[in-house]
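Here the structure is laid out as structure tokens; the discussion comes afterwards.
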There are 2 protein chains.
Amino acid sequence: MQIKEAATHLKLSARILRHYEQAGLLTPSRDANGYRSYSPADLRKASRIRDMIATGFSTREVLTMAPCLTDEGAGACDAGLADLKHKLAQIDRLIFDLQTRRRATLDRIESFESTLSYRSNEREDPGYDTPDHPAVSDRLSGRK
Amino acid sequence: MQIKEAATHLKLSARILRHYEQAGLLTPSRDANGYRSYSPADLRKASRIRDMIATGFSTREVLTMAPCLTDEGAGACDAGLADLKHKLAQIDRLIFDLQTRRRATLDRIESFESTLSYRSNEREDPGYDTPDHPAVSDRLSGRK
DNA sequence: TAGCGCATTGACACTAATGTCAATGTCAAG
DNA sequence: CTTGACATTGACATTAGTGTCAATGCGCTA
């Protein structure tokens with residue numbers, strides 16, 4: 001599949017796909033005429049990369065874990081057991097990080113929703129300057 | 001509280017705090033000498049802003065939901081809520097995906113180890129399912 | 001064969017997020 | 001009063017992510 005079709009499928013620009021490739025994140029094969037050829041696996045990997053970027057990771061960060069983003073998991077299985085374990089640790093860190101963000105996001109959504117619900121019978125400003133939800137902000141500021 | 005202390009507390013630079021302010025996200029009061037004075041509420045809001053930025057939102061996006069980020073949470077939070085939920089979905093996708101791949105990697109490590117020496121059993125992971133992952137791939141490739 | 005659409009590379013541009021530096025003001029302590 | 005830490009604003013630099021344009025090649029189809 002050529003770049004435009006791939007881009008359309010992924011809902012991102014061809015420019016971005018080339019950018020990912022230039023950053024070493026993605027390596028679609030080339031066919032005879034030199035055109036990039038995206039396999040379904042490439043598409044899936046690109047999708048993951050896109051998600052990583054959209055979630056605030058830099059291409060550099062994504063690059064360090066790029067092998068883990070392939071379908072096969074820790075890609076270079078032939079590279080040795082030590083490598084595999086190292087990559088596994090990377091994946092674990094990544095998941096931990098994402099879960100932290102996920103929890104923060106969930107908390108924020110919850111606080112939004114509760115705010116909305118008690119705002120529905122708004123009448124007058126309560127006016128307290130006391131911490132509204134200290135637990136949330138504490139947890140947020142303390143982690144990263 | 002002056003900017004440096006606030007920055008230290010939040011674990012970000014004073015530059016960033018001024019940047020947030022310039023972007024209209026944060027409006028600490030000023031005292032007589034013109035120095036910014038950060039209230040506890042300002043700190044909490046800054047913390048939320050920092051999390052939003054770190055999760056891939058731009059200051060512009062954050063600006064549209066800035067009112068929702070205050071302790072009082074006044075204003076039209078609906079748009080922000082939708083954005084957050086979208087981001088959460090992305091994160092959930094990634095985590096799910098990575099976890100599947102993590103399990104596959106664990107399995108591969110285990111089989112590698114048992115091939116090398118039938119004596120190694122240092123892992124504690126309960127037997128998961130699906131060493132392969134067609135469902136995941138399908139879901140991802142079909143996704144927006 | 002001409003034309004159209006898509007591909008390639010490379011250059012330039014713009015914005016956002018940050019860092020850093022400069023020139024200068026404020027203030028507390030020695 | 002001088003010094004040192006911290007504040008202010010503003011300018012400039014850097015890096016990342018993207019867009020866009022130019023020059024050129026490939027391939028299908030009228």
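Protein chains get the first letters and strands the later ones, always in sequence-line order, with residue 1 at the start of each.
Going from atom CD of A:Glu5 over to atom P of C:dG5 covers 17 Å, rounded to whole Å. In this entry the distance linking CE of B:Met1 with P of D:dA7 reads 12 Å, nearest Å. Rounded to whole Å, the distance from CG on B:Leu25 to P on C:dT18 is 11 Å. Between the NZ atom of A:Lys4 and the P atom of D:dT20 there is a distance of 12 Å, given to the nearest Å. To the nearest angstrom, C1' of D:dC26 lies 10 Å from CD of A:Gln2. Rounded to an integer number of Å, the gap from CD of B:Glu61 to C1' of D:dG17 is 13 Å. In this structure, the CD atom of B:Glu21 is 16 Å from the P atom of C:dT18, given to the nearest Å. The separation between B:Leu12 atom CG and C:dT18 atom P is 9 Å, rounded to whole Å.
Of the two residues near DNA chain C, A:Gly34 and B:Ala32, the one whose nearest nucleotide lies more 5' is A:Gly34. Projected onto DNA chain D by closest heavy-atom contact, B:Arg15 and B:Ile3 fall at different nucleotides, the more 5' of which corresponds to B:Ile3.
Taking the side chain as every heavy atom from C-beta outward, A:Met1 and A:Leu43 approach each other to under 4.5 Å. A 4.5 Å side-chain heavy-atom check between B:Leu26 and B:Tyr38 finds at least one atom pair inside the cut-off. Counting heavy atoms from C-beta on, the side chains of B:Met65 and B:Met52 come closer than 4.5 Å.
For the pair A:Ile3 and A:Ala14, the tightest heavy-atom approach, listed with the atom from each and the gap, is CD1-O, 3.6 Å.
The side chain of A:Arg18 has C:dT9 as its nearest neighbour among C:dT26, D:dG19, C:dT9. Closest approach to the B:Tyr35 side chain among C:dA11, C:dT18, D:dT8 is made by D:dT8 (side chain taken as heavy atoms from C-beta onward). For A:Arg36, whose side chain is taken as the heavy atoms from C-beta onward, the closest listed nucleotide among C:dT8, C:dG19, C:dT26 is C:dT8.
Here A:Asn33 reaches the OP1 or OP2 of D:dG27: one of its side-chain N or O atoms lies under 4.0 Å away. B:Arg30 has a side-chain polar atom (N or O) that falls below the 4.0 Å cut-off from OP1 or OP2 of D:dT9.
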Tabulate protein N/O versus nucleotide N/O from nucleotides 14-17 of chain C, keeping only pairs under 3.5 Å, one per line.
unit_1 : atom_1 : unit_2  : atom_2 : d
C:dA16 : OP1    : B:Arg60 : NH1    : 2.8
C:dA17 : OP1    : B:Thr59 : N      : 2.7
C:dA17 : OP2    : B:His19 : NE2    : 3.4
C:dA17 : OP2    : B:Thr59 : OG1    : 2.7

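Rounding to the nearest 0.5 angstrom, the gap separating the CG atom in B:Leu94 from the CD atom in B:Gln90 is 7.5 Å.
Judged purely by atom type and a 3.5 angstrom limit, B:Gln99 has no side-chain atom pairing as donor or acceptor with the backbone of B:Phe96.
When each of A:Leu69, A:Leu17, A:Leu12, A:Ile16 is paired with A:Ile49, the side chain to side chain contact (heavy atoms under 4.5 Å, CB included) condition holds for A:Leu69 and for no other.
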